[in-house]
Amino acid sequence: MRTIIEGMAEQLTTVPGVVGVMLGGSRARGEHDAGSDWDLGVYYRGRGDGLDLAALRALAGPGTEVAGPGGWGPWVNGGAWLRVDGVAVDWILRDLDRVERVWADCCEGRYEVGVQPGHPLGFWSPCYAGEVACGQVLADPSGELTRLKHLAEVYPEPLRAALTGAAWEAGFLLDLAAKGASRADTLYVSLCLSRAFGVLVQALHAHDRRWCLNEKGALAVADRLPTAPRDFGRRVRTLLAAPGGSPDDLAATVARARELTREAVAALAR
């Protein structure tokens with residue numbers, strides 16, 4: 001299958017507008033199992049007007065829908081879901097101009113969190129740089145992806161400072177959750193808790209100079225990081241599993257979340 005994927009990557013670079021192809025996801029990180037998808041980042045230049053979608057669709061084959069830039073939302077962008085010999089292969093479009101702008105922002109300690117379907121905690125822009133840093137270059141005729149990967153493999157210290165410094169938001173969210181608890185507003189409290197823990201997970205990753213690519217599996221990784229509070233993952237799962245329905249139960253959940261948050265913020269400050 002690896003040989004097939006490498007051949008596909010070479011074919012993709014013949015499509016006008018495509019700059020290069022990277023293997024991403026668990027396959028690139030060596031964390032896959034037999035049923036894992038093959039995720040191919042298809043990097044192109046411009047806003048898509050120079051990308052030959054007709055050629056991409058011809059390469060994907062009949063019956064496969066190829067979503068152009070913006071077709072899957074403002075951040076995930078577009079691509080296609082294919083089946084090759086019964087195995088899932090995903091093409092994920094990435095605008096290399098935009099990826100390079102995000103990388104420049106990361107180097108200056110700037111980032112965005114955008115609304116994106118399928119990302120309940122939002123799409124954190126450093127993911128673009130992380131995908132390049134953690135991916136494997138499969139086809140790169142111009143060498144542009146290889147050069148960017150070499151840069152992104154060194155985690156930017158300004159981004160580390162920005163993301164760890166943003167951990168304050170977790171405490172603010174818990175202040176809001178406390179108000180929701182007094183009204184027995186379980187949905188609001190749960191949303192505040194989820195967001196608060198998501199912010200802490202991002203900060204823990206950054207403190208360890210590790211790219212956080214999305215929400216999936218992020219808590220399990222954060223739980224293993226040296227800065228994480230004792231039993232961080234178990235405590236988060238317990239708090240999210242049953243926040244309660246009455247004002248007293250919700251208030252008790254928020255209080256335990258405050259304690260965990262204080263521990264995390266104190267650890268991040270060391």
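Heavy atoms only: backbone and side chains are in, while hydrogens, waters and symmetry mates are out. All residue numbers refer to positions in the sequence shown, counting from 1.
Looking at Q136, its side chain never comes within 3.5 Å of a backbone N or O of G24 through a donor-acceptor pair. Here the side chain of S194 pairs no donor or acceptor atom with the backbone of L191 at under 3.5 angstrom.
Under the 30°/60° scheme for interplanar angles, the aromatic rings of W124 and Y111 are found to lie parallel. Taking the six-membered ring where tryptophan is involved, the planes of Y128 and W75 are tilted, since the angle between them lies from 30° to 60°. Using cut-offs of 30° and 60° for the angle between ring planes, the F123 and H119 rings count as perpendicular.
Surrounding CZ of R57 are more than 12 heavy atoms belonging to other residues, nucleotides or ligands, all under 6.0 Å away. At most 12 heavy atoms of other shown residues, nucleotides or ligands fall within 6.0 angstrom of atom CH2 in W81.
Between atom OG of residue S125 and atom CZ of residue R98 there is a gap of 8.5 Å, rounded to the nearest 0.5 Å. Residue D140 holds its CG atom at 11.0 Å from OH of Y43, rounded to the nearest 0.5 Å. The structure places CE of M8 at 12.5 Å from OG1 of T3, a figure rounded to the nearest 0.5 Å. Separation of atoms OG1 (T164) and CG (L200) is listed at 11.5 Å; rounding is to 0.5 Å. Interatomic distance, CG of L12 versus CG of L138, reported as 10.0 Å (0.5 Å rounding). In this structure, CG in L193 is found 11.0 Å from CG in L176, a value given to the nearest 0.5 Å.
Within the 4.5 Å cutoff, the side chain of Q202 has no heavy atoms near those of the L121 side chain. Counting heavy atoms from C-beta on, the side chains of R256 and R235 never come closer than 4.5 Å. Proximity of R195 to V199: side-chain heavy atoms (C-beta onward) are separated by under 4.5 Å at one or more points. A 4.5 Å side-chain heavy-atom check between L23 and E6 finds every atom pair outside the cut-off. No side-chain heavy atom of I92 sits less than 4.5 Å from a side-chain heavy atom of V42. Within the 4.5 Å cutoff, the side chain of C107 has no heavy atoms near those of the L159 side chain. Side-chain contact between E131 and N214: absent, with no pair of heavy atoms (C-beta onward) separated by less than 4.5 Å.
A side-chain N or O of Y44 and one of N77 form a donor-acceptor pair less than 3.5 Å apart.
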Next item on the list: Check the pair T227, H207 against side-chain hydrogen bond (donor to acceptor under 3.5 Å, both in side chains), reporting the backbone distance first and the verdict last.
Entry: CA-CA 8 Å; T227 309; H207 190 272; 2.9 Å; yes

